[in-house]
Trainee: 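Would you mind keeping the following structure in view while I ask a few things?
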Amino acid sequence: MDQNRKPRSILETLGEELVRIITPVSICMLLVVILVTVLNTHSEGSSIGPSFTTIATIAYSESSSDSIWDKLKGALLNSLVFVAVITVVTFLLVLLFYFRCTKFLKYYMGFSSFLVLGFMGGEIALFLIRDFSFPVDCVTFVIILFNFTVVGVFAVFMSKMAIFVTQAYLVVIGMLVAYWFTLLPEWTTWVLLVAMALYDLAAVLLPGGPLKLLVELAISRDEDIPALVYEARPVINSDSSPTGDVLQRRVWRERRNTGSALDENSDARPNFNPNTSPVTNSNTTPGTYLSVGSGENEINLVNAEEGQVFRGDSELAAPLIQHRINVRMNSEEDASPSENFALEGIGLGSSGAIKLGLGDFIFYSVLVGRAAMYDFMTVYACYLAIIAGLGATLILLAFCRKALPALPVSIMLGVLFYLLTRLLLEVFVVQCSLNLLMF
Amino acid sequence: MTVAAGIGYTLLALGPSLSLFIAVIAKKPFLILTLLSSTLVWLISLIVLSGLWRAFLPFKTASLWPYALIILTSVAFQEALRPLFWRIYKRLEDMLDAVADRVSKPRLFITDKMQIALAGGMGHGVAHAVFFCLSLLTPSFGPGTYYMEKCSQMSFFLVSAIIALAFVTIHTLSMVIAFNGYAEGNKVDQYIVPVIHLIAAMLTLINLAHGGCIISIPLLYGMAVVTLGHCGKMVWTKLAENRSRQGSSY
């Protein structure tokens, strides 16, 4: 076949952004599921780790002998406490950001990454070593763990490492935190997930919500919010002309993700889109258009459904672009990602790549990990539901074009599918396939 | 029977799909998204069916007709969804062509359209394999195994993996045939797909009898081969006439 001479079809580039964010989410979920199955089957009889008292179980410790109503009440209490703590911490974050204590936040984030990777990661490694009787001595273990942790802190803390290393460490951090969340009692976990989804909704959309305040502060100052975010590798379009490279590096303004903010910067586009507005003219300057951002392609595709083509006013503002690039360079040093596990959300990075907050990774993986504790059928169903929710949220973003929370749709769909699978689907499928009846 | 056996059963059911995925679908992100959405749709259809049937399950009888009824309704429901799929696909195709025009890339080739159909069909097949076969494979990763009395020659896991493989093939290729049938208005293609699906599903009813799987599995694979042959012939003729049309237009 003359595939080499055929021009690249549109199928090869469409949807690439979405796939680049779905892949790490899927990998994180897969790792959590594997961890959950491996560690839980091995420690069937023995207790799992230390007695688990955390913020999330401070109000009520579930025991299997309680009635359903007691469990529900206890779980609600736990979740309320947890959400309250998260709210307080987020308001604290807003306050600190308001007083420009960015350095402090950065160091705090680095410190918590160290804790997560070092202590949580170390403890899980110890579980694995114990279960598989892996022969390793203390000194080697400590050295390896320490090196692993320090490299992770640097990768996440200072953004000068190879992007793959940073991405890998972010996924690992998400996996570790998610695994620890799955150790919570069952009812607490589910009610907590729903509560976090509702909190996310409130914090981003309500006028007084902390995350909304944070986003507005960041926009007004044109600064980056310190948070742990996963940035997908930017899609480099190979057809871009050389002059397009400059524009390509600065597609979206710095309206980064913040907590639960699916964001769109609609006002950045007029500033650099050199293409003139009518759709028909785009054929004359394909190179520049393509380089202006593959993120734009996707948004335009989605807009095409509505029959509208979003085109900003076409002012070519070269000095503005230069200024923005400088701003980005400067702010990149001190606005490196840091942590707040309560911050979730999707945003659009400086090179048009999609950014997803680590909190999203964590809660998606918690849902799937919890589903894995029941059966694998629920895992598949919840995985599909979450991915569908993620896609739907991105499409909603393209329509609404303002800050949107990333958790609610996926979590609600995930919980719904879990219940449906557990109550309805499983009996049906098991009945059919145990008799080898398939369709 | 240990992790190796578990992985073996998984690959038995999903191996060809995996290779198809890596060779054809993984390079084109749009096809990955198509696969995921069609898997989701199949899952939703399965949930709806189980919702309908939940009140009557689990069956206490060993007679044939409740199972036959389940299969009939399920196949009917899923085949009813296929024209819906086609309509959504038509709208999608127009959108894609519009986008292609805007970014001054070529419009969808005939191979692109067939690949979208393939990805959709594979979504159905993978969903089938996952929910009917893989989700029950969990015990096989452990130290034991399970034999059914009605089919005592092979372990239950092996039988279900083999049947799943046949169904994956049938599902994957049916979508290509069906889309081609709808595109050309070819009634034969349009109707042959539900018929094949129904026959294949009915064949599994033979498994209810003692030793039935010895008969039904070869027949099922016969159906899969028929589907494969039909699809191959159709694709070949379509590509040939497309090439000749392109050749004559120069």
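Please read these numbers as outputs of a predicted model, since none were measured by experiment. To find a chain, count down the sequence lines: A is the first, B the second, and so on, and within it residues start at 1.
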Trainee: Counting C-beta onward and ignoring hydrogens, is there a side-chain heavy-atom pair between A:Q431 and B:Y67 closer than 4.5 Å?
Mentor: yes

Trainee: Answer with side chain, backbone, both or neither: which region of B:M148 has an atom nearer than 4.5 Å to a non-hydrogen atom of chain A?
Mentor: side chain

Trainee: Heavy-atom cut-off 4.5 Å, strictly under: side chain, backbone, both or neither for A:L420 against chain B?
Mentor: side chain

Trainee: Could you report the tightest heavy-atom contact between B:F132 and A:M438, atom names first, then the distance?
Mentor: CB-SD, 4.0 Å

Trainee: Measuring only between side-chain heavy atoms, which start at C-beta, is A:R20 closer than 4.5 Å to B:P29?
Mentor: no

Trainee: Do A:L434 and B:F156 have side chains that approach each other closer than 4.5 Å (heavy atoms only, starting at C-beta)?
Mentor: yes

Trainee: Give me the atom names and distance for the closest heavy-atom approach of A:A388 to B:L40.
Mentor: CB-CD2, 3.5 Å

Trainee: Run the side-chain hydrogen bond (donor to acceptor under 3.5 Å, both in side chains) test against A:S410 and tell me which residues pass, sequence neighbours left out.
Mentor: A:Y364

Trainee: Pick from B:T34, B:T138, B:I32: which one has the most heavy-atom pairs with chain A under 4.5 Å?
Mentor: B:T138

Trainee: Name the region of B:L220, side chain, backbone, both or neither, that has any atom closer than 4.5 Å to a heavy atom of chain A.
Mentor: neither

Trainee: Less than 4.5 Å apart, any side-chain heavy atom of A:N435 and any of B:L208?
Mentor: yes

Trainee: Please classify the contact between B:L203 and chain A as side chain, backbone, both or neither, with a heavy-atom cut-off of under 4.5 Å.
Mentor: neither

Trainee: Which atoms form the tightest heavy-atom contact between A:M377 and B:F131, and what is the distance?
Mentor: CG-CD2, 3.5 Å

Trainee: Which atoms of B:I44 come close to chain A, meaning under 4.5 Å heavy atom to heavy atom: side chain ones, backbone ones, both, or neither?
Mentor: side chain

Trainee: Side chain, backbone, both or neither: which part of B:L205 has a heavy atom under 4.5 Å from chain A?
Mentor: both

Trainee: Side chain, backbone, both or neither: which part of B:L43 has a heavy atom under 4.5 Å from chain A?
Mentor: side chain

Trainee: Show every side-chain hydrogen bond (donor to acceptor under 3.5 Å, both in side chains) that has at least one partner inside residues 372-389 of chain A, sequence neighbours left out.
Mentor: A:S26-A:Y383, A:Y374-A:E426

Trainee: Mind running side chain to side chain contact (heavy atoms under 4.5 Å, CB included) on B:W53 and A:V427 for me, showing each step along the way?
Mentor: CA-CA 10 Å; B:W53 277 98; A:V427 177; over 6 Å; no

Trainee: Any side-chain heavy atom of A:I22 sitting closer than 4.5 Å to one from B:L33?
Mentor: yes

Trainee: Counting only heavy atoms closer than 4.5 Å, note whether B:F167 contacts chain A via side chain, backbone, both or neither.
Mentor: side chain

Trainee: Using a 4.5 Å cut-off on heavy atoms from C-beta on, say whether the side chain of B:L137 contacts that of A:F376.
Mentor: no

Trainee: Let me know if A:L436 has heavy atoms under 4.5 Å from chain B in its side chain, its backbone, both or neither.
Mentor: both

Trainee: Per the salt bridge (charged side-chain N to carboxylate O under 4.0 Å, His left out) rule, what does the pair list look like for residues 411-422 of chain A, sequence neighbours excluded?
Mentor: A:E186-A:R422

Trainee: Let me know if B:L136 has heavy atoms under 4.5 Å from chain A in its side chain, its backbone, both or neither.
Mentor: side chain

Trainee: Can you tell which of B:K27, B:H171, B:H128 has the highest number of heavy-atom pairs within less than 4.5 Å of chain A?
Mentor: B:H128

Trainee: Which residues in residues 69-77 of chain B have any heavy atom lying under 4.5 Å from a heavy atom of chain A?
Mentor: B:I70, B:I71, B:S74, B:V75

Trainee: Test side chain to side chain contact (heavy atoms under 4.5 Å, CB included) on B:W42 and A:L384 and set out the steps.
Mentor: CA-CA 11 Å; B:W42 206 86; A:L384 287 172; over 6 Å; no

Trainee: Verify, without hydrogens or angle tests, whether B:R54 (side chain) and A:L423 (backbone) share a donor-acceptor contact under 3.5 angstrom.
Mentor: yes

